[in-house]
Asks: 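Once you've had a glance at the structure underneath, I'll fire off some questions.
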Amino acid sequence: FRKIFGEFSRGFAQQQSRRGGGFSNPFDDLFNFDFQGGQQSECRISFMQAAKGVTKEIEVLQMSGSLRNPTLTKRKMTVPIPAGIADGQTLRLSVGGNQEVFVTVRVDESDYFRREGSNIHTNANISISQAILGGIIRIQGLYEDLNIRIPPGTDSHSELTLTGRGLRYMDAYNSYGDHIVHIHIKLPVKLTEEQREVLEDFARLETDTPGTINGVDKSAWAGIRRKRKPEPDPQPEKETQTKPKEPESATSSSSATTEDENPGVLTRIKRAIFG
C-alpha cells in the first residue's frame, strides 16, 4: 500500500499536519495491503481441490486514475490454484497497472486424509484372517481407488507405503509424495459357536502365548483335537407289517361248524326226510 499510494499518503499527511490534525489513511477501511505494496485476499478450498488443483473466483478492488483523484472499482478475477498447494500458502497475481494481489489459500481438513508435507496418511481395517493369511483390500486414493495386497502375518499398526500416490510437489516437475496406509486389525464383536471352537483349537496349538487364554486348558489337550459332537444315527425305516390273509377254506370250515351247531328249519326237514 505504501508503494502504490505512497505519494498520495505523504501529501495527505502533510496537509493534515499543517491543519494540526493527526494522519489517518482514508483507504485503510477499503483495502487490505501488505508492506510490499499489494492487495491481500483469501480464498477457501477443499482438501481434494488442493490435491488436484482448482480455479477460484475472487473479488478485488482496483485503483485507476491519478494519485490526486483515484477511482476505486470492484473487479472479479480468476485465480488458478495449482495442485499440491498447502494451507496458508500465498499466490502473487498481477491485476494490471503495476498493481498486485496476494491471495492466501485456506485448505479445509479432510475426514479421511491426513497431510504431512507432500505425503498423505490414511487408515485401513483388515480382519484376523487377512492379517494371518494375507489378502487384498480396496481403499480410496487421492486420484482413484487402489487395491492393496496384505502380506501374510501383517501386524496391527503396520504401515504400507504406496510410492508416488501422494500430493504433487509444488517446486518439482511431475513429482509426487507417497500415500502411507496404516493397517488396523478389526476384531469380531460376536463369534459363532463354530468360530469359537476353531479359535480354541488354534489356541491349544499355539506355542508362544504370553500368559493364559480364557476357557482354554492346554494341559488337557494332549495333542488330540477337540472331539466334535457325534452326529445322531439315522432312524431305521419302520417295517410295514402286513396282516396275512386267512385262507378261504378256514372261513368255509368255520361257517360249516357254526351251521352244524345251530341247525336251521330247512336243515332239520332235510334230515327228517333223507336221513
Asks: Take T122 and H179 through the side chain to side chain contact (heavy atoms under 4.5 Å, CB included) test and state the conclusion after the steps.
Replies: CA-CA 8 Å; T122 58; H179 184 168; 2.8 Å; yes

Asks: Return the CD1 to CD1 distance between I139 and I148, rounded to the nearest 0.5 Å.
Replies: 3.0 Å

Asks: Side chains of residues 101-110: which donor-acceptor partners sit under 3.5 Å, not counting sequence neighbours?
Replies:
| residue | atom | partner | partner atom | Å |
| --- | --- | --- | --- | --- |
| T104 | OG1 | T90 | OG1 | 3.3 |
| D108 | OD1 | R44 | NH1 | 2.8 |
| S110 | OG | Y112 | N | 3.1 |
| S110 | OG | F113 | N | 3.1 |

Asks: Quick check on the hydrophobic clustering: are L191 and I132 connected, directly or via other members, by side-chain heavy-atom contacts under 4.5 Å?
Replies: no

Asks: Do E144 and R165 meet the salt-bridge criterion of a basic N to acidic O distance under 4.0 Å?
Replies: yes

Asks: For L146 and L162, what are the C-alpha separation, side-chain angles and deciding distance, and is it a side chain to side chain contact (heavy atoms under 4.5 Å, CB included)?
Replies: CA-CA 10 Å; L146 304 171; L162 308 178; 3.6 Å; yes

Asks: Between the side chain of E197 and the main-chain N/O of E194, is any donor-acceptor distance below 3.5 Å?
Replies: no

Asks: Test your reading of the model: is there a side-chain donor-acceptor pair from S158 to the backbone of D155, 3.5 Å cut-off?
Replies: yes

Asks: Looking at CZ of R196 and NZ of K190, how far apart are the two atoms once the value is rounded to the nearest 0.5 Å?
Replies: 11.0 Å

Asks: For H182 and H157: C-alpha separation, side-chain torsions, deciding distance, then whether side chain to side chain donor-acceptor pair (under 3.5 Å) applies.
Replies: CA-CA 6 Å; H182 300 262; H157 302 287; over 6 Å; no

Asks: Identify whether the distance between the nearest side-chain nitrogen and carboxylate oxygen of R75 and E59 falls below 4.0 Å.
Replies: no

Asks: Once you round to the nearest 0.5 Å, how far does CD of E57 lie from SG of C43?
Replies: 11.5 Å

Asks: Consider only side-chain heavy atoms of I, L, V, M, F, W and Y, link residues closer than 4.5 Å, and tell whether L199 and V216 are in one cluster.
Replies: no

Asks: Starting from I85, can I reach M77 by hopping between I/L/V/M/F/W/Y residues whose side chains sit under 4.5 Å apart?
Replies: yes

Asks: To the closest 0.5 Å, what do you measure between CD1 (I128) and CD (Q195)?
Replies: 9.5 Å

Asks: Going only through I, L, V, M, F, W and Y residues with side-chain contacts under 4.5 Å, is there a path from I185 to I180?
Replies: no

Asks: Take R114 and N123 through the test side chain to side chain contact (heavy atoms under 4.5 Å, CB included) and record every step on the way to the result.
Replies: CA-CA 10 Å; R114 301 186 304 276; N123 297 331; 3.6 Å; yes

Asks: In Å and rounded to the nearest 0.5 Å, what is the CD to CD1 distance from E116 to I120?
Replies: 11.5 Å

Asks: Which heavy atom of L167 sits nearest to which heavy atom of G117, and what is that distance?
Replies: CD1-O, 3.9 Å

Asks: Of the non-hydrogen atoms in A83 and R168, which two are nearest, and what is the gap between them?
Replies: O-NH1, 3.9 Å

Asks: Quick check: do I150 and I136 have side-chain heavy atoms less than 4.5 Å from each other?
Replies: no

Asks: If I compare all heavy atoms of P80 with all of L91, which pair ends up nearest, and what's the gap?
Replies: O-CD1, 3.9 Å

Asks: Given 3.5 Å as the limit, does a donor-acceptor pair link the side chain of N119 with the main chain of D178, or not?
Replies: yes

Asks: Any link between L187 and I213 through a network of hydrophobic side chains (Ile, Leu, Val, Met, Phe, Trp, Tyr) touching at under 4.5 Å?
Replies: no

Asks: Mark yes or no for whether Y143, through its side chain, and G166, through its backbone, hold a donor-acceptor pair below 3.5 Å.
Replies: yes

Asks: Before you tell me yes or no, could you show the steps for Q49 and K56 under side chain to side chain contact (heavy atoms under 4.5 Å, CB included), namely the whole-Å CA-CA distance, both residues' side-chain angles and the distance that decides it to 0.1 Å?
Replies: CA-CA 10 Å; Q49 288 175 334; K56 280 289 187 177; 4.0 Å; yes

Asks: Looking at T209 and T212, would you say the former's side chain and the latter's main chain have a donor-acceptor pair under 3.5 Å?
Replies: no

Asks: Is there a side-chain contact between R92 and E100 in this structure, where contact means two heavy atoms from C-beta onward sitting under 4.5 Å apart?
Replies: yes

Asks: Can you tell me how far OG1 of T163 sits from OH of Y176, rounded to the nearest 0.5 angstrom?
Replies: 15.0 Å

Asks: Just by modelled atom types, is the P151 backbone N or O under 3.5 Å from a matching donor or acceptor in the R149 side chain?
Replies: no

Asks: Could you check whether atom CG of D145 has more than 12 heavy atoms from other residues, nucleotides or ligands sitting under 6.0 Å from it?
Replies: yes

